[in-house]
Amino acid sequence: QLQLVESGGGLVQPGGSLRLSCAASGFSLDYYGIGWFRQVPGKEREGVSCIGDSNSSTYYKDSVKGRFTISRDNAKNTVYLQMNSLNVGDTAEYYCAADWGIGPQAMCLVGLERQRNMDYWGKGTLVTVSS
């Protein structure tokens, strides 16, 4: 079965850290751009951080720069999002997506219709930042 599976979400206090994982099964993530998106009820899904098909190109939403780090381990077919200094504004359902050959900035900034057409989406993992 071709799928992406997210894990690592949970409840954390403000200032805390979490590491999200996005594991692919049934296909190789090589040559795919990978993105982390998040959504809160009533708001559009937004790109948080994206990475190209090598670790050399990344993109971060302004509000997470310096706090979040995206990385990929192609040998493990997994992409990670290390999230530090979390605040309540980071509370959301986090999703990962894979799209063939797309660059990280383009991937993170696409509109909703293009998001829907991405090759693969995971089902999400919930991150709650609360004291």
Side-chain angles (χ1 to χ4, degrees):
Q1 187 174 3
L2 308 179
Q3 61 180 357
L4 295 174
V5 179
E6 303 95 335
S7 61
L11 173 64
V12 64
Q13 291 186 339
S17 298
L18 285 173
R19 188 176 81 155
L20 305 183
S21 298
C22 171
S25 61
F27 70 104
S28 171
L29 287 178
D30 293 5
Y31 309 116
Y32 281 88
I34 308 298
W36 284 98
F37 296 77
R38 68 186 182 189
Q39 188 171 25
V40 297
K43 292 190 176 182
E44 293 185 354
R45 187 166 51 195
E46 62 177 6
V48 175
S49 181
C50 298
I51 188 167
D53 58 9
S54 70
N55 276 326
S56 62
S57 60
T58 58
Y59 174 87
Y60 296 93
K61 177 180 173 63
D62 284 347
S63 62
V64 307
K65 284 180 181 177
R67 301 189 298 121
F68 290 11
T69 302
I70 190 170
S71 62
R72 62 191 298 158
D73 186 337
N74 283 354
K76 294 183 177 180
N77 222 21
T78 300
V79 173
Y80 304 97
L81 185 68
Q82 178 67 44
M83 305 188 297
N84 299 328
S85 302
L86 285 160
N87 59 59
V88 294
D90 296 316
T91 296
E93 188 81 19
Y94 283 72
Y95 302 87
C96 68
D99 206 50
W100 181 270
I102 192 170
Q105 182 169 341
M107 186 174 193
C108 266
L109 296 181
V110 295
L112 290 179
E113 185 169 351
R114 179 63 179 89
Q115 285 183 22
R116 294 189 196 101
N117 291 327
M118 288 189 180
D119 295 326
Y120 300 99
W121 280 96
K123 293 184 178 181
T125 185
L126 180 63
V127 172
T128 303
V129 185
S130 175
S131 55

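Keep in mind that this is a model prediction, so the values were computed, not measured.
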Between Asn74 and Asp30, is there a donor-acceptor pair closer than 3.5 Å when you use the side chain of the first and the backbone of the second? no
When you measure from the side chain of Tyr120 to the backbone N and O of Cys96, does any donor-acceptor pair fall under 3.5 Å? no
Going through the checks in order, is the salt bridge (charged side-chain N to carboxylate O under 4.0 Å, His left out) test met by Glu6 and Lys123? CA-CA 7 Å; Glu6 303 95 335; Lys123 293 184 178 181; over 6 Å; no
Look at the aromatic rings of Tyr94 and Phe68 and report parallel, tilted or perpendicular, splitting at 30° and 60°. tilted
One should read off an interatomic distance between Asp99 CG and Gln115 CD, to the nearest 0.5 angstrom, of 10.5 Å
Side-chain heavy atoms of Ile102 within contact of Arg114, under 4.5 Å: yes
4.5 Å side-chain heavy-atom contact, Val12 and Ser17: no
What verdict does the side-chain contact (heavy atoms from CB on, under 4.5 Å) test give for Leu4 and Leu29, after you've listed the backbone C-alpha separation in whole Å, the side-chain angles of each residue and the deciding distance to 0.1 Å? CA-CA 10 Å; Leu4 295 174; Leu29 287 178; 4.1 Å; yes
Exam field: side chain Thr91 to backbone Val129, donor-acceptor pair closer than 3.5 Å: yes
Asn77 vs Ser28 side-chain heavy atoms within contact, under 4.5 Å: yes
Check whether Val5 and Trp36 end up in the same hydrophobic cluster, where Ile, Leu, Val, Met, Phe, Trp and Tyr are linked by side-chain heavy atoms less than 4.5 Å apart. no
So, Asp73 side chain and Thr78 main chain: donor-acceptor pair closer than 3.5 Å or not? no
Looking at Tyr59, is its backbone amide N or carbonyl O close enough to the side chain of Ser49 to form a donor-acceptor pair, meaning the two atoms are under 3.5 Å apart? yes
Please say yes or no: joined through hydrophobic side-chain contacts below 4.5 Å, possibly via intermediate residues, are Phe27 and Val79 part of one cluster? yes
For the side chain of Asn87 and the backbone of Pro14, is there at least one donor-acceptor N/O pair under 3.5 Å apart? no
Distance in Å, Cys50 SG paired with Leu109 CG, rounded so as to fall on 0.5 Å steps: 8.0 Å
Determine whether a donor-acceptor pair (N or O, by modelled atom type, separation under 3.5 Å) exists between the side chain of Arg72 and the backbone of Gly52. yes
